[in-house]
Every structure is written in C-alpha cells, then in structure tokens.
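Structure, as structure tokens:
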Amino acid sequence: SQTIHQWPATLVQPVGSPLSLECTVEGTSNPNLYWYRQAAGRGLQLLFYSVGIGQISSEVPQNLSASRPQDRQFILSSKKLLLSDSGFYLCAWSPATYEQYFGPGTRLTVT
Amino acid sequence: DQQVKQNSPSLSVQEGRISILNCDYTNSMFDYFLWYKKYPAEGPTFLISISSIKDKNEDGRFTVFLNKSAKHLSLHIVPSQPGDSAVYFCAASANRDDKIIFGKGTRLHILP
C-alpha cells in the first residue's frame, strides 16, 4: 500500500530564516505531487504541483519554492520566511486518477 | 475568483439526524467532484467522489448529489455520528487536469 510522509510535524521559525519541508511517498512510482497550505479561513490553497522529476508548476507567486529531486520526494523551501508564511502545510500525491491523498501535515509558526 | 464555494463556514446537526453540506462551483469545465474530511492537525482524507455523468453516488452513510444545471453539489450524511465532526472540503477537477480546486471548507459539529 502507498504511504506519504511529511516532516517535521511542527516547526517554529523566526522571520527571515530559511525553510525546508520534506515529503516522501512510498509504494508507488511517478506520482503527481502537490504542496498545499491551509491558512485560517482560507481553505486549502494549492502552492505547487509536480508531474515528474524536475517539473514544478507554481500556482501562487510568493517567496516559497518547490523542488522534486527524486521521483517520490517533494521539497518545499524558502530562503527568508515571512510572518504570513505561517500555516498548516500539506503534501499530497495522486495516481493517474482524480483523487489525491494527503500527508499528516506540518504546522509552521513564523515568529 | 473562487471557483469552488462552500458558503456555510459551519453547521451544527443533532446526532442521528441528516447532515447536508453544500457546495457551488462556477467552472462548467469541472467534470469530477470530491469531498474530503479533515480533523484538526491532520491531513484531509478522501471521502467520496462523483463524476459529472452521474447525479448521485452513495457509499454507506455518505451520499453525494450533483445538479449540473445549478452547478451545485451536496454531501448527505445519514445518520450523523459524533465522529463525523470535522471540516469538510468540497473539491473539483476539470478533464483529468493535474489540479484539484478546493473550497474553503465547512466545519460540521455533531451535537449529542
């Protein structure tokens, strides 16, 4: 069966510091991968999605970036965090169907 | 522009009664609709889906209804149980696009 991992589970970072969140998927190959952010009152906002290694599409211009160095690894990064980057970050994967399956999430607090 | 709208931020329903969560969409190209359930501090879990060629899909206590002419879908939970208390997200996708568009969610409270 497929499983999706995210770490860390929680993170507190000062403004201006860098960020690296990692997501890995097991039990499947060539998945579509997604990064979402859930901010208070704003639902699930798609940040990035990837259909293959090195292929990243950005949905929201901001100071975040994503990379996919391996087939089942998706990384969300920032060089300098802003207060507005606080939120709950979710990684998801999908096979060749519509459904997406989400990881446990990372709670990021920027202070 | 919000393509998937859940206009009720919250809903309270008595245990054992029917919960009805509503969702409206604006993009007529959407051809697949999904509902996700989310507990606090956890990732959303897939609940049920419906293709635009159908108007109803049922899975146990959960039924999704689709009204294409009104661009409206609803999720019915019968009977409602305490464990159903969560945030429910409506989502939609177009032509097997790589993206799913989510609504803002509706928080469901099941009252004892």
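Naming convention: chains lettered A, B, ... in sequence-line order (proteins, then strands); numbering from 1 in each chain.
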Exercise. Are Y36(B) and E99(A) close enough that a side-chain donor and a side-chain acceptor fall under 3.5 Å?
Worked result: no
Problem set entry | Within one Ile-Leu-Val-Met-Phe-Trp-Tyr cluster: L83(A) and L108(A), side-chain cutoff 4.5 Å | yes
Problem set entry | Gap separating the NZ atom of K38(B) from the CZ atom of F88(A), nearest 0.5 angstrom | 4.5 Å
Problem set entry | Neighbour count above 12 (heavy atom, 6.0 Å) for R61(B) CZ | yes
Seminar exercise, completed: Residues F102(B) and Q100(A): closest non-hydrogen pair is CE1-OE1, 4.4 Å
Exercise. Taking a hydrophobic cluster as the set of Ile, Leu, Val, Met, Phe, Trp and Tyr residues connected by side-chain heavy atoms closer than 4.5 Å, whether directly or through intermediates, do F65(B) and V4(B) fall within one such cluster?
Worked result: no
For this session: Please confirm whether F102(A) and F46(B) have ring centers closer than 6.0 angstrom.
Result: no
For this session: Verify the cluster assignment for F33(B) and I20(B): are they in a single hydrophobic cluster under the rule of side-chain heavy atoms below 4.5 Å apart?
Result: no
Exercise. Chain B heavy atoms under 4.5 Å from Q38(A): which part of the residue, side chain, backbone, both or neither?
Worked result: side chain
Problem set entry | Segment of L90(A) engaging chain B (4.5 angstrom heavy-atom cut-off) | side chain
Problem set entry | Hydrophobic cluster membership, I75(A) vs L46(A), 4.5 Å side-chain cutoff | no
Problem set entry | side chain to side chain contact (heavy atoms under 4.5 Å, CB included) between I100(B) and Y36(A), intermediate numbers included | CA-CA 11 Å; I100(B) 292 178; Y36(A) 289 87; 4.3 Å; yes
Problem set entry | Distance, nearest 0.5 Å, that separates NZ of K104(B) from CG of L44(A) | 12.0 Å
Exercise. Are W35(A) and Y101(A) connected in the hydrophobic side-chain network, where two residues link if heavy atoms are under 4.5 Å apart?
Worked result: yes
